[in-house]
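Worksheet: the structure to be examined is printed underneath.
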Amino acid sequence: MGQPQKSIAAEQQILLLGRVLQSLREEDDVDVLIETTISYLKEQFDYRLIWIALYDRLNHILFGKGGMTPDNDTSFLRQRVVLSPGDLLEQVVIEQHPLGVADLQTEIRAAEWRKVAEKFHIQGTIILPIRYKDRCLGVLLLGSERWGYLLTGEIKARLMMVLGELGAVLYQNEMHLQQKQTKRTDEPLLELLENLRSLSNLNQKLEAAVQATHKFVSPNRTNIYWFEREGRYFWCRMSNQLVNIDRNSTSQQAAGMTVQELSDFYYALSVNQIVSIGDARSSLKSHFTAKLLQRLKVRSLLAAPIIWQKNLLGFLAVESNEPRIWTETDKNFVQGAAGLISLVAPTENMESTIKKIQEDAQLSGQVAQGIYNEHDLQETLHLCAKRVLARLGATRFLLLQHDPEQNNYQFIYQNQPHNRRPLTFSLNILKELDGELLQRSTQAVEIENLDEDLRFFNWRPPLLENGVRSLLICKCTQGHIPVALLVITHETHRSWTTLEKELLWTVSQQIGVIVRQWQLHNRTTQQQKVSQAFEQSLRILTQSQNSKIEVEKNHLERTALEQIASILGCPLAVLLSWSPGESWAEIIPGVIENSQLGIFSDASISVQAEALIQWALATESYLTLKVDNLPPETRKWLNAPDKGQIFVMALRTNADHEITGVVLLADYQERRWSEQSLSATATLISQLAWWRREKQITRLLESTTEELRQLNWYKHRRLEEIQRITAHSLKQIHDLGIPANELTQMRYQLLLRQLDHTATSMSGMLKLEQWQLHISWETMPIASLLKRSLERIENLLKQQKLWIGVHGLGQPIDEQESPKNSSLVRGVPTSSAQPSMAIAGDIVKIELVIHELLVTACNRSQIGGRIDIWCRRLDASKNADAKRDSARVGADHQALLELSITYNGAIEPQLLTELHQNIPKDVLASSNLDQPPALHLLICQNLMQELGGELNFYQLPDNRVVSRLLLPLVGNDS
């Protein structure tokens, strides 16, 4: 029986819920809806406290609509509750989600309800929002004497259904009420449009608009303010209280309001934005809102701009002396009325506007015609400037061009009244934001108040100092950095119409053609200047090569520096010069044309310590930097302003050649030279470097040649004297006759033969080798040659206590050893040699070369050390290495003799490098080969090449030094 009773009870709850929902749908009275809901909650739910409140969105307030308490006193349930941040009720209203409180008596976020809970012993409480979609319409509070706030699924479902239906009905009633209260704007606006169409005078039309607006919105005052661009102020042209006010009227109502006073209000109107200031609400910033209301002496304001072709003509304002919330209907009507005024306002000056358009077209045509006919461009600019200044009512016409070298804008043309002086300063490069603004612009950029506008901020100080207060600026050419700019200025704060800005834009684009013609002319002039500098430089170098007359010291360097400085237009050009191996640089002044720049020519400049020299040496090409980046040591001898610019470049020829100077150019102001000028300057400096190198080489060779001639003359005369004395002695010996003693006679004859042979050889040398070497052809066994060479150094071997061994003379070819692949062999040199081991060539000179190598080995060996002489036959037909060696020395024969002298001794790696044939040598650089004994080795190396052999020097991995000599062997058919 229990189960049917539960089913019956559930059916009754569902039926009762359906009747309540039906009642809520059919009822329109809010109070009846609230009472129906409260009655259902009393009957179906066990709660001691019930409260329903409706939410006012505009004022953020809950209005109590009734409920139930244990003592049936519901007076406090109908009070108004102001929501505060952090309250439980505000949290429910904002989040629109149910909120439960386990014990309302201890909840600090509901201070007023804690007293109620303590009075009626309420603990568990649930607060639910009454909502429709995303809008909160009210709240429901349910409290019980039990602790906790959990709801069963069935109870929660019934509550949500009832509150959902109540929210939907409340929302429909609210929308219906708003529609009844909302005024329609279409009919009054259509009526106003019809009135404007029937009126002919603009003031009558403005009066009609004011009356219609005042009637619809019902403010305290309705005014139309007109904007005067010349003085940048608004004046009250029409009002519902004083109709048809003249701008020159002395009444307070007609008093003007400057743009500086209105500030943010003016800029909002300029971008076609309606301004609404009401009860604690404002579309402007709070600090300016109070200032504006105080200026207009009102408490509420609604203003709509009157705009024609992007030009602000004025604004329509409705003003109230009391705080007022402006509805959307009010805003729409005021905005619509202002739009109608903007349509009828231009008809007042239609004729003058048409005339201005015709004059603008005529002006553009005259400028274009002047450019096309290639008339005097200055005269064309002059006529254009006068017309533009007269048309725009401006003071100055300024044409600026970007100077890439100084990175600023220079005035290339100015036009101003006769009682104004031309501007003599330059303007800094544009900031990034200003440059982007000009790039994006398709008309003139307007600065109405230069004192307050943050655009072109870095131009403000010089322009304000010269009386500029407002300006228009246009780019004349395209580019990341505009090459040319056209600026129109005025001495008062003012604005210009869109038509005027478009005119200036058109003129600026035509002037851009003139600027481009000037650029081409300047570029041609610069190229001619560079060409003349090159021609002059080449003429100077040619004269220096052909001239035999002694000129002033460093005269040619000074002249070349003048040509180099002319390319970059630098007033200072010097050369820091030094010779290879020197530690101090000499200052050679070329150009010093400005008192702000100077050089202390007596200063001592260290090549290694001077920063400018080291920076130039470390840079492959040229280097530019500012003077304030120089170290204090450099500033001691270089006097220049901190903002000045420096150009340095080393006199560099080939990478293997030593640098002997650095060119220094300086300017007293910041410069940014063009790549063309820098490239031309670098080329001239490179020419100067090669010319100086050629000059130094010529001097060195002339000096060396002179010394060799003197040495040759001296040696030749000494040999002549020796030959004369020797011949005279021999004559005396011959005259004495032959001694009688047989032994003495043999020695006497031997001595005579030796003296005779010496005299004969010296006679041949004096005759055949007076100014150049004479190559003879002889043959000699290598063993005999080595024996004679060793006999000549016998005393040196004894002094150094050296052991010497000769290897490979008596062994078969296949068994011969090499210093590259065998160990040293101790023992006495082999005295017998194979008959084929004979060399061919100038035996005397070869013997001298071998002697020089042996002496070097003795001098570099340690005391008590050893020297090894390795002989090996190289047959080109059987050995690939020998074939390559034979081809390298250019020998016609097939066989070569490899003679290697090895010893343990010290030798400089740099000397081995310089003696290597394949490494280029700088004749100007200091070298080990300039002095003996290295010079003698170099002479032997060069001499062997002339004799058809080869001489190389290298060091083995075990640190032994090898002198490898290749000599041609006598062939079988010799």
Side-chain angles (χ1 to χ4, degrees), residues 30 34 37-38 41 45 47-71 73-151 155-156 159-160 162-164 166-168 170-171 174 276-287 289-290 323-325:
V30 175
I34 300 299
T37 305
I38 294 174
L41 295 176
F45 302 100
Y47 287 101
R48 302 295 304 278
L49 177 63
I50 300 174
W51 180 60
I52 293 180
L54 298 183
Y55 176 56
D56 181 3
R57 290 185 298 106
L58 296 178
N59 298 301
H60 201 47
I61 295 174
L62 289 175
F63 292 95
K65 303 300 288 184
M68 182 192 75
T69 60
D71 60 357
D73 181 11
T74 60
S75 57
F76 75 94
L77 297 181
R78 297 184 179 275
Q79 295 179 355
R80 187 177 67 169
V81 179
V82 179
L83 299 179
S84 302
D87 289 349
L88 287 178
L89 294 175
E90 190 198 45
Q91 181 178 348
V92 173
V93 168
I94 293 176
E95 296 181 356
Q96 299 187 31
H97 290 293
L99 179 65
V101 179
D103 188 355
L104 187 60
Q105 299 179 24
T106 60
E107 181 56 55
I108 61 174
R109 293 180 296 169
E112 296 295 332
W113 289 98
R114 286 176 62 187
K115 300 177 183 178
V116 176
E118 292 174 355
K119 178 180 178 180
F120 297 118
H121 308 289
I122 301 300
Q123 292 189 16
T125 304
I126 298 176
I127 306 175
L128 300 101
I130 303 172
R131 56 189 293 268
Y132 179 77
K133 295 184 178 180
D134 59 347
R135 176 177 292 190
C136 182
L137 302 172
V139 295
L140 168 64
L141 185 145
L142 301 174
S144 68
E145 297 178 347
R146 298 183 301 276
W147 185 91
Y149 55 84
L150 292 177
L151 292 175
I155 295 176
K156 185 176 181 180
L159 270 176
M160 292 298 102
V162 172
L163 294 181
L166 176 62
L170 291 175
Y171 178 77
E174 182 178 340
S276 173
I277 303 175
D279 185 13
R281 290 173 176 82
S282 175
S283 59
L284 302 176
K285 296 179 181 179
S286 58
H287 71 279
T289 299
R324 176 171 173 175
I325 298 177

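As a basis for the values below, the full set of heavy atoms in this structure was taken, side chains included, without hydrogen atoms, waters or symmetry mates. If you're wondering where the values come from, they're calculated on a predicted model, not measured in any experiment.
Taking CE of Met68 as the reference point, atom CG of Leu41 lies at 9.0 Å (rounded to 0.5 Å). Rounding to the nearest 0.5 angstrom, the gap separating the OH atom in Tyr171 from the CG atom in Leu137 is 9.0 Å. Interatomic distance, CD1 of Ile108 versus CZ of Arg114, reported as 7.5 Å (0.5 Å rounding). Atom CG in Leu62 sits 8.5 Å away from atom CG in Leu54 (nearest 0.5 Å). Summarising the geometry, atom CD belonging to Gln79 is positioned 11.0 Å from atom OG1 belonging to Thr74; distances are rounded to the nearest 0.5 Å. A distance of 14.0 Å separates OG of Ser84 from CZ of Arg109, quoted to the nearest 0.5 Å.
Each salt bridge (Lys or Arg N to Asp or Glu O under 4.0 Å) pair with one or both residues in residues 132-143, not counting sequence neighbours, appears once here: Arg135-Glu174.
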Practice item. Dump the intermediate steps for side chain to side chain contact (heavy atoms under 4.5 Å, CB included) on Phe45 and Ile50, then the final yes or no. Key: CA-CA 10 Å; Phe45 302 100; Ile50 300 174; over 6 Å; no

Exercise for review: Apply side chain to side chain contact (heavy atoms under 4.5 Å, CB included) to the pair Ile130 and Val139, showing each step before the final yes or no.
Suggested key: CA-CA 5 Å; Ile130 303 172; Val139 295; 5.7 Å; no

**Study point:** CA sep, side-chain torsions, deciding dist, call: Val116, Ile122, side chain to side chain contact (heavy atoms under 4.5 Å, CB included)
**Key:** CA-CA 8 Å; Val116 176; Ile122 301 300; 5.8 Å; no

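Minimum interatomic distance between Cys136 and Gln96 (heavy atoms only, all atoms of both residues): N-NE2, 3.7 Å. Taking each heavy atom of Pro129 and Pro98 in turn, the nearest pair found is CD-N, 3.8 Å.
If you run side chain to side chain contact (heavy atoms under 4.5 Å, CB included) between Trp113 and each of Asp87, Ile127, Leu89, Thr125, only Leu89 comes through.
Tyr55 and His60 have perpendicular rings, their planes meeting at more than 60° on a 0 to 90° scale where under 30° would count as parallel.
Taking the side chain as every heavy atom from C-beta outward, Tyr132 and Leu170 never approach each other to under 4.5 Å. Considering only heavy atoms from C-beta on, Leu166 stays 4.5 Å or farther from Leu140 through its side chain. Residues Leu83 and Ile94 are not in side-chain contact: their nearest non-hydrogen atoms beyond the backbone lie 4.5 Å or more apart. In this structure the side chain of Val92 never reaches within 4.5 angstrom of the side chain of Leu88, judged on heavy atoms. The shortest distance between side-chain heavy atoms of Phe120 and Asp71 falls below 4.5 Å. Contact annotation: the side chain of Phe76 approaches that of Thr69 to within less than 4.5 Å [non-hydrogen atoms, C-beta and beyond]. Taking 4.5 Å as the limit, every side-chain heavy atom of Val81 sits out of range of all side-chain heavy atoms of Ile61.
Using modelled atom types, no side-chain atom of Gln123 and backbone atom of Gln105 make a donor-acceptor pair closer than 3.5 Å. Between the side chain of Trp51 and the backbone N or O of Gly67, no donor-acceptor pair lies under 3.5 Å. Although no hydrogens or angles enter the test, the distance criterion places a donor-acceptor pair under 3.5 Å between the side chain of Arg78 and the main chain of Lys65.
Within 6.0 Å of CD in Glu112 there are 12 or fewer heavy atoms belonging to other residues, nucleotides or ligands.
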